Amino acid sequence: MDKNTIIGFLLIGVVLIAFNWWNRPTPEQIEAQRRYYDSIAAVEQARIIEQEQANQLATGDFQAELPESLSDSAKTAQLENAFGGFARAMSGVEETVTLENELIELKVSTKGGQISYARLKNFETYDKQPLVLFDKEEVRFEYTLVTATNRIINTNQLYFTPVKSTDPNNLIMRLDLGEGSSLDFIYTICPDDYLVDYKIRGNGLNGVLSPSTTTLDLNWEQMIRQQEKGRKFENQHSGLYYRHMSNGVDHLSELKDQNKQLSDRLRWVAYKDKFFSAVLIADNQNPLEGTTVDSKFYEDSPYLKKMRTVTSIPFDLQRQSSDLQFYFGPNRYNLLKSYDKGIDSNDKLELDRLVPLGASVFRWINKYFIIPIFDFLGKYIGSYGLIIFLLTLIVKLILFPLTYKSYMSSAKMRVLRPQVEEINAQYPGQDKALERQKATMELYNRAGASPMSGCLPMLLQMPILIAMYMFFPSAIELRNQSFLWAQDLSTYDAIVSWNAHIPIISTYFGNHISLFCLLMTLTNIVYTKYNIEMTNTGQQQMPGMKAMMYMMPLMFLVFFNQNASGLSYYYFILTLITIIQTITFRYVINEDKLLAKLEANKKKPVKKSSFMKRLEEAQKAQQATLEKQKQQQQQTREQRKKR
């Protein structure tokens with residue numbers, strides 16, 4: 001780099017320094033610039049605070065907390081600037097207003113205008129505490145509102161004002177938005193009823209809410225309390241149910257977490273416990289839309305589940321109100337069914353589906369046979385233990401023809417056993433199994449006996465037995481009803497209990513032994529032993545069949561130990577009556593005369609039933625297949641010998 005280049009760079013530097021010194025701002029200009037940038041920062045900070053408030057409001061966490069340095073007037077101005085007419089409802093003191101009738105007590109909170117407490121007056125928990133469906137911290141019922149300036153506001157953090165009415169059964173929770181604008185939640189509790197009318201009514205909301213508002217987005221969350229002693233089976237009968245407008249009633253899984261987005265419109269959504277439910281019912285003309293339902297299962301908690309529904313309720317700014325209803329009450333079949341009396345089939349609520357009575361034929365048996373008899377006996381008898389006993393007698397009386405036919409079939413097989421044993425001796429070994437089976441079937445056919453005739457009556461009895469299995473755990477009438485040593489027929493009757501957790505046993509059997517379940521198991525073992533002896537026809541049985549028959553009562557012991565004691569008591573009485581019937585049949589029916597009748601049948605022309613014909617054809621086809629296989633095996637052996 002030469003001398004001239006160095007001088008040039010120095011001159012340029014001097015010029016730049018002189019230019020900057022000459023154009024430096026005055027102290028007044030520096031102060032003005034500082035004030036300008038401070039105002040820009042303040043505006044940006046205000047924008048950030050406003051956005052955070054809006055986000056907190058959308059998630060329900062807004063507490064209307066502003067910097068303490070701001071004066072009250074500044075806070076009010078900032079809130080009004082951010083939220084308009086809603087600003088006045090963002091601060092207040094939470095209070096509750098009570099609505100009640102003979103059956104329910106509700107508390108409505110001024111914060112959010114929601115029902116924050118629901119108690120059923122005529123019921124108690126298993127430990128004799130007031131039966132509360134939910135309290136303040138266990139429920140969230142909130143709407144998301146979109147203002148005319150496109151801000152999102154959550155009703156759960158707004159303070160409503162109770163409006164007094166001359167009717168003590170009516171309550172208006174009003175959200176006063178100023179200048180004649182308001183949003184009302186109207187609750188009307190009906191005398192001696194579990195239904196609560198619920199209306200959403202807007203007044204002068206044009207210019208307050210977004211003009212595109214056609215629905216209100218609802219978020220409903222509720223914790224489901226454990227109300228019964230038997231947590232396992234209470235959980236199995238607790239779930240989130242919903243009714244489609246066209247496809248009937250459905251529900252989420254009771255035993256695992258599940259989430260569903262439903263495309264169909266809904267008539268109602270229910271948070272169902274084993275014996276009680278909280279239901280939101282929409283108007284038939286304006287059902288719930290765009291619904292997402294969610295259920296989370298709890299293992300170790302005072303709560304069984306947490307249920308959530310996100311849905312949209314039709315709301316027209318020009319319409320008078322959106323009409324809905326709540327149901328807070330028991331899952332009593334006749335009560336829920338009564339809400340559909342005199343209503344067109346297309347408009348029926350079908351709340352009775354909250355009572356699990358089984359599907360198809362089993363539900364039909366419960367609705368038209370078991371429940372009418374049970375209710376009839378309940379009108380005249382105060383002891384439900386005695387009612388179950390009489391109901392069992394009636395069921396056994398109705399099933400008597402089938403039971404008698406089944407016994408006669410086994411008796412015929414039993415008196416023919418010596419002849420069957422002779423056939424077994426005539427055709428010994430596995431290679432003569434087909435001949436032995438064919439000769440046995442010919443004996444039965446000529447004597448007029450059929451192995452299948454005893455199975456058919458048993459199969460016909462099964463729907464009633466299964467229907468009864470569904471009925472007893474769902475019958476709220478048995479709740480807190482004592483009988484003998486059982487304090488509550490709707491849950492287990494423990495005579496021995498322990499607290500230690502035993503792997504597998506505690507999970508599947510429980511930490512107790514139920515006496516009615518134990519008695520049911522013992523009677524089933526006795527009946528199984530007696531039945532094996534009575535039904536021994538002399539034919540060879542599958543290996544392990546006898547052990548399997550004894551295993552069934554033991555499996556029932558595990559399965560029923562945590563179930564309703566009323567159910568175990570029913571099966572205990574049922575099995576006991578069956579044993580008495582069988583012993584009575586054995587001594588009343590003369591088996592010598594029965595054998596003589598069968599011998600006389602052998603002399604008559606044989607009339608083969610279509611079933612016997614098909615059975616013989618199948619046996620012939622099987623025999624032909626075996627003979628063909630033998631021939632092929634013989635040919636293979638001969639070919640090997642030639643090689």
Side-chain angles (χ1 to χ4, degrees), residues 101-104 118 120-123 131 133 189-198 237-251 266-284 287 324-381 384 387-388 391 394-395 463-464 466-479 481 490 564 566:
N101 60 17
E102 299 84 353
L103 303 176
I104 55 177
L120 306 185
K121 292 184 174 182
N122 296 336
F123 297 93
L131 198 145
L133 294 182
I189 189 168
C190 305
D192 198 26
D193 199 348
Y194 293 99
L195 278 180
V196 179
D197 290 334
Y198 172 55
H237 287 83
S238 303
L240 193 155
Y241 281 60
Y242 48 91
R243 183 192 183 279
H244 299 277
M245 288 298 295
S246 56
N247 297 326
V249 178
D250 202 352
H251 62 92
L266 303 182
R267 182 68 191 279
W268 52 258
V269 177
Y271 295 168
K272 174 187 175 299
D273 193 358
K274 183 177 182 181
F275 292 123
F276 308 97
S277 292
V279 189
L280 174 65
I281 306 170
D283 182 73
N284 191 48
L324 301 101
Q325 287 181 308
F326 286 109
Y327 175 83
F328 302 112
N331 301 328
R332 193 187 301 272
Y333 176 80
N334 288 330
L335 171 64
L336 297 175
K337 190 69 176 177
S338 68
Y339 291 118
D340 286 335
K341 287 183 179 179
I343 297 178
D344 185 75
S345 58
N346 295 327
D347 298 334
K348 289 185 176 181
L349 292 173
E350 295 187 83
L351 289 174
D352 58 285
R353 288 284 176 175
L354 293 174
V355 183
L357 298 176
S360 60
V361 65
F362 310 121
R363 188 173 186 86
W364 185 90
I365 292 172
N366 276 319
K367 287 172 59 176
Y368 301 108
F369 173 58
I370 303 299
I371 292 178
I373 296 176
F374 189 80
D375 291 341
F376 175 79
L377 294 174
K379 293 179 181 179
Y380 305 100
I381 301 173
Y384 277 91
I387 290 174
I388 294 174
L391 180 61
I394 293 172
V395 170
I464 295 180
I466 296 175
M468 298 292 276
Y469 171 77
M470 300 300 299
F471 169 73
F472 281 108
S474 305
I476 192 174
E477 292 84 356
L478 300 181
R479 191 175 184 272
Q481 295 293 327
S490 69

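Bear in mind the structure is a predicted one, so any value in this text is a computation, not a measurement.
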> Can you list the steps and then say if Glu477 with Arg332 is a side-chain contact (heavy atoms from CB on, under 4.5 Å)?
Replying inline: CA-CA 8 Å; Glu477 292 84 356; Arg332 193 187 301 272; 3.8 Å; yes

> So Tyr333 and Asp375, side-chain hydrogen bond (donor to acceptor under 3.5 Å, both in side chains) or not? Walk me through it.
Replying inline: CA-CA 11 Å; Tyr333 176 80; Asp375 291 341; over 6 Å; no

> How far apart are the C-alpha atoms of Asp197 and Ile189, what are their side-chain angles, what is the distance that settles it, and do they pass the side-chain contact (heavy atoms from CB on, under 4.5 Å) test?
Replying inline: CA-CA 6 Å; Asp197 290 334; Ile189 189 168; over 6 Å; no

> Hey, mind stepping through Asp250 and His244 against side-chain contact (heavy atoms from CB on, under 4.5 Å) and telling me if it holds?
Replying inline: CA-CA 8 Å; Asp250 202 352; His244 299 277; 4.1 Å; yes

>> Could you go through Met468 and Leu391, starting from their C-alpha distance and side-chain angles, then the distance that decides it, and tell me whether this counts as side-chain contact (heavy atoms from CB on, under 4.5 Å)?
In response: CA-CA 10 Å; Met468 298 292 276; Leu391 180 61; 3.7 Å; yes

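Side-chain atoms of Asn101 come within 3.5 Å of backbone N or O of Leu103 as a donor-acceptor pair. Within the 3.5 Å criterion, the main-chain N or O of Ala564 finds no donor-acceptor partner in the side chain of Ser490. In terms of modelled atom types and a separation under 3.5 Å, the side chain of Trp268 and the main chain of Tyr242 share no donor-acceptor contact.
Ile394 is not listed as a side-chain neighbour of Phe374, based on a closest heavy-atom distance of 4.5 Å or more. In this structure, the side chains of Val269 and Tyr241 stay at 4.5 Å or more apart for every pair of heavy atoms. Taking the side chain as every heavy atom from C-beta outward, Val196 and Gln325 never approach each other to under 4.5 Å. Using a 4.5 Å cut-off on side-chain heavy atoms (C-beta onward), Asp273 and Leu133 make no contact.
In this structure, CD1 on Ile466 lies 4.0 Å from CZ on Phe362, to the nearest 0.5 angstrom. Atoms NZ and CZ, on Lys272 and Arg353 in that order, are 13.5 Å from each other to the nearest 0.5 Å. Taken to the nearest 0.5 Å, the CD1 atom of Ile464 stands 14.0 Å off from the CZ atom of Phe471. Taken from OG in Ser474 to CD1 in Ile371, the straight-line distance is 9.0 Å, to the nearest 0.5 Å. Once rounded to the nearest 0.5 Å, the distance linking CZ of Phe275 with CG of Leu120 reads 13.5 Å. Between the CE atom of Met245 and the CG atom of Leu266 there is a distance of 9.0 Å, given to the nearest 0.5 Å.
Using a 3.5 Å distance cut-off with no hydrogens or angles, the side chains of Tyr327 and Asp193 do not pair a donor with an acceptor.
Contact between Leu349 and Arg243 at its shortest, heavy atoms only, is O-CD, 3.0 Å. Val395 approaches Phe369 most closely through the heavy-atom pair CG2-CE2, 4.3 Å. Here the closest heavy-atom approach between residue Gly378 and residue Ile387 is recorded as CA-CD1, 3.7 Å. Of all non-hydrogen atoms in Ile476 and Pro330, the two that sit nearest each other are CD1-CB, 3.4 Å. Heavy-atom minimum distance, Asn331 versus Phe276: ND2-N, 3.1 Å. When all heavy atoms are compared, the tightest approach of Ala282 to Leu324 is CA-CD2, 4.3 Å.
Phe326 has its ring centre no less than 6.0 Å from the ring centre of Tyr194.
Residue pairs meeting the side chain to side chain donor-acceptor pair (under 3.5 Å) criterion with at least one member in residues 357-374, sequence neighbours excluded, are Asp352-Arg363.
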